[in-house]
Amino acid sequence: MSTPRELLNKAKAEIREVEPADVELQLRSAVLLDVREPDEYEQGALPGAIHLPRGFLEFQVEGKVPDKQQAIVVYCAGGARSALAAKTMQDLGYSDVASMIGGFNRWKDEGRDWGTPRTLSAEQRNRYQRHLLLPEVGEQGQLKLLDAKVLLLGAGGLGSPAALYLAAAGVGTIGIIDPDRVDLSNLHRQVLHFTHDVGRPKVQSARRHLEDINPDVHVLTFQTRLSSENAMEIIGQFDLVVNGSDNFPTRYLVNDACVLLHKPLVDASILKWEGQATVFLPGRGCYRCLFPAPPPPGSVPSCAEGGILGALAGHMSTLEAIEAVKVLLGQGDPLSGRLILFDALAGEYQQLRWRRNPECPVCGDHPTIHALIDYEGFCGLPPAEPADEVAAPAQPGVVSDLSPQAAFA
């Protein structure tokens, strides 16, 4: 049986150790991996270091540092844990890993640059514990979510579940724009509202319930209709937009505003038993690339006319929430360039590929639309009510506008 000292000496004999002065020269080119415990890390760390406690190394390092050829310097408090960690990483296939001699204590004693990292509170670590276990999220990803600002266009069938999950996920600022009031006919699918909210403005009901779910979340409300007059100002405050709008003029409006402002747009729509979803990223195509022109007025029924399965709204909306989190974290492969079609009755999914249109009038190589236009006129509809007018209680059932069949007819 080897003693701990013998194991440490054996590890040091098989790895490369580097002086703090040499590490200082590599600050911009190497990955710095801090394997100390959270309470140690909170007291100070090297600039830009990735924190991964030694006890989680084997299970999470490949998610934190996926490139096994990348130069990596591991450090701890004094150089012992980092030596064992470096040996473990070599065994896992990392080819250029070293342990810093003397660890953070020597680095600090020598007067080199360090800082106190921003960290989650103990309560936040408990709240987001399951997120923190995901290598793609971790503490830095959760802090990124807490800093994020997401606008939900509508607090209805699509906006409600997305809002609930984004708030629960810790998205720090959530904006909700909706001019309507809660109607009894909304409640079979708009799960952000309850029976006692009937008659209340949807944005008020939404704010109260989201802040009850997560006090970390700051909710901004806009009890108005999105229009060409206010869209740039409202959308410009946010990092990303989740679309749950219920009409074609608003869909083209929010698309054009997001393109002009270089904002990502997560989009879904539902009707009857069918739904679809995609993501529009700046420079990679937009709603007009997929649907260059709206259908003739009256050719696509609204959900008030055709009906909607309530649970379908939740299904497609939570997909929007997932895509929003992926985009905010910069993780995974968003649905950009792909359209998911879901037939709930058949239990079948289809995926269609689409590409940016270089001739698109708003995001193409030579755009002709440089400002927001009259979208009711573009869609062949009567003018909308003024944007600053608060609507009467919501009409039954309108959640979205497109069906997969109608969209590709």
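Using modelled atom types, no side-chain atom of H262 and backbone atom of P282 make a donor-acceptor pair closer than 3.5 Å. Under a 3.5 Å cut-off, the side chain of S82 and the backbone N or O of G79 do form a donor-acceptor pair. Side chain of Y75 to main chain of L46: a donor-acceptor pair is present (N/O by atom type, distance under 3.5 Å, no hydrogens or angles). Counting only distance, with no hydrogens or angles, the side chain of N105 and the backbone of A77 share a donor-acceptor pair below 3.5 Å. Listed for the E14 side chain is no donor-acceptor partner under 3.5 Å among the backbone atoms of Q90. A donor-acceptor pair under 3.5 Å is absent between the side-chain atoms of H193 and the main chain of S160, judged by distance alone. Side chain of H188 to backbone of L309: no donor-acceptor contact under 3.5 angstrom is found. Listed for the D96 side chain is no donor-acceptor partner under 3.5 Å among the backbone atoms of Q70. Remark: the backbone N or O of P201 is not paired with any side-chain donor or acceptor of Q204 at under 3.5 angstrom. Using modelled atom types, no side-chain atom of R207 and backbone atom of I176 make a donor-acceptor pair closer than 3.5 Å.
Rounding to the nearest 0.5 Å gives a distance of 11.5 Å between CG of L341 and CD of E348. Atom-to-atom distance recorded for L153:CG and C258:SG is 8.5 Å, nearest 0.5 angstrom. To the nearest 0.5 Å, the span separating CD on E62 from CG on L92 amounts to 6.0 Å. Annotation: the span from T173 atom OG1 to L151 atom CG amounts to 11.5 Å, rounded to 0.5 Å. Expressed to the nearest 0.5 Å, how far CG of D178 lies from OG of S245 amounts to 10.5 Å. With rounding to the nearest 0.5 Å, the separation of CG in N243 from CG in D267 is 4.5 Å.
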Check residues 314-324 and write down every donor-acceptor pair under 3.5 Å in which the side-chain atom is one partner and the other belongs to a residue at least two apart or another chain.
{"residue": "H315", "atom": "NE2", "partner": "Y349", "partner atom": "OH", "Å": "2.6"}
{"residue": "S317", "atom": "OG", "partner": "L158", "partner atom": "O", "Å": "2.3"}
{"residue": "S317", "atom": "OG", "partner": "A162", "partner atom": "N", "Å": "2.7"}
{"residue": "T318", "atom": "OG1", "partner": "G314", "partner atom": "O", "Å": "2.9"}
{"residue": "T318", "atom": "OG1", "partner": "H315", "partner atom": "O", "Å": "3.0"}
{"residue": "E320", "atom": "OE2", "partner": "A268", "partner atom": "N", "Å": "3.3"}
{"residue": "E323", "atom": "OE1", "partner": "L335", "partner atom": "N", "Å": "2.8"}
{"residue": "E323", "atom": "OE2", "partner": "K326", "partner atom": "NZ", "Å": "2.8"}

Distance-only criterion, 3.5 Å: show the donor-acceptor pairs between side-chain atoms of residues 163-170 and protein atoms not counting sequence neighbours.
none

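Pairing each heavy atom of Y252 with each of F291, the nearest pair is OH-O, 2.9 Å. Of all heavy-atom pairs between W107 and M100, the closest is CE3-SD, 3.7 Å. When all heavy atoms are compared, the tightest approach of L192 to F194 is O-CE1, 4.0 Å. The two atoms that bring P367 and G364 nearest to each other are CD-O, 3.3 Å, heavy atoms only. When all heavy atoms are compared, the tightest approach of E24 to R112 is OE1-NH1, 2.5 Å. Here the closest non-hydrogen pair linking D197 and R208 is OD1-NH2, 2.5 Å.
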Chi angles and distances behind the side chain to side chain contact (heavy atoms under 4.5 Å, CB included) call for Q124, L146: CA-CA 10 Å; Q124 288 173 324; L146 287 165; 3.8 Å; yes

Check against salt bridge (charged side-chain N to carboxylate O under 4.0 Å, His left out), E42 and R36: CA-CA 10 Å; E42 290 172 5; R36 295 175 299 161; over 6 Å; no

Pair S227-E229, side-chain hydrogen bond (donor to acceptor under 3.5 Å, both in side chains): steps then yes or no: CA-CA 5 Å; S227 70; E229 288 70 38; 3.3 Å; yes

Derivation and outcome, side chain to side chain contact (heavy atoms under 4.5 Å, CB included), residues L328 and V150: CA-CA 9 Å; L328 293 171; V150 172; 3.7 Å; yes

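Within the 4.5 Å cutoff, the side chain of E139 has no heavy atoms near those of the P117 side chain. Here the side chains of I340 and R338 are not in contact, with every heavy-atom distance at 4.5 Å or above. With a 4.5 Å cut-off on side-chain heavy atoms, T119 and P38 do not count as touching. Counting only heavy atoms from C-beta outward, the side chains of R251 and N255 never approach each other to under 4.5 Å. The closest side-chain heavy-atom distance from L132 to L120 is below 4.5 Å. Side-chain contact between L329 and E136: absent, with no pair of heavy atoms (C-beta onward) separated by less than 4.5 Å. The closest side-chain heavy-atom distance from F342 to L312 is below 4.5 Å.
N214 and Y128 share a donor-acceptor pair across their side chains, judged by distance under 3.5 Å alone. Side-chain atoms of E17 and S99 include no donor-acceptor pair closer than 3.5 Å. Using modelled atom types, one finds no donor on one side chain facing an acceptor on the other under 3.5 Å when comparing R225 with T250.
Taking the charged nitrogens against the carboxylate oxygens, R118 and D147 do have a contact shorter than 4.0 Å, which makes a salt bridge. Comment: E274 does not engage K272 in a salt bridge, judged by the lack of any side-chain N to carboxylate O separation of less than 4.0 angstrom. A salt bridge between D91 and K87 is present, with a side-chain N of the basic residue lying under 4.0 Å from a carboxylate O of the acidic one.
For W354 and F280, the gap between ring centers is short of 6.0 Å.
A cation-pi arrangement is present between R288 and F378 under the rule of less than 6.0 angstrom and at most 45 degrees off the ring axis.
Under a cut-off of 6.0 angstrom, the local environment of CZ in R284 is sparse, with at most 12 non-hydrogen atoms contributed by other residues, nucleotides or ligands.
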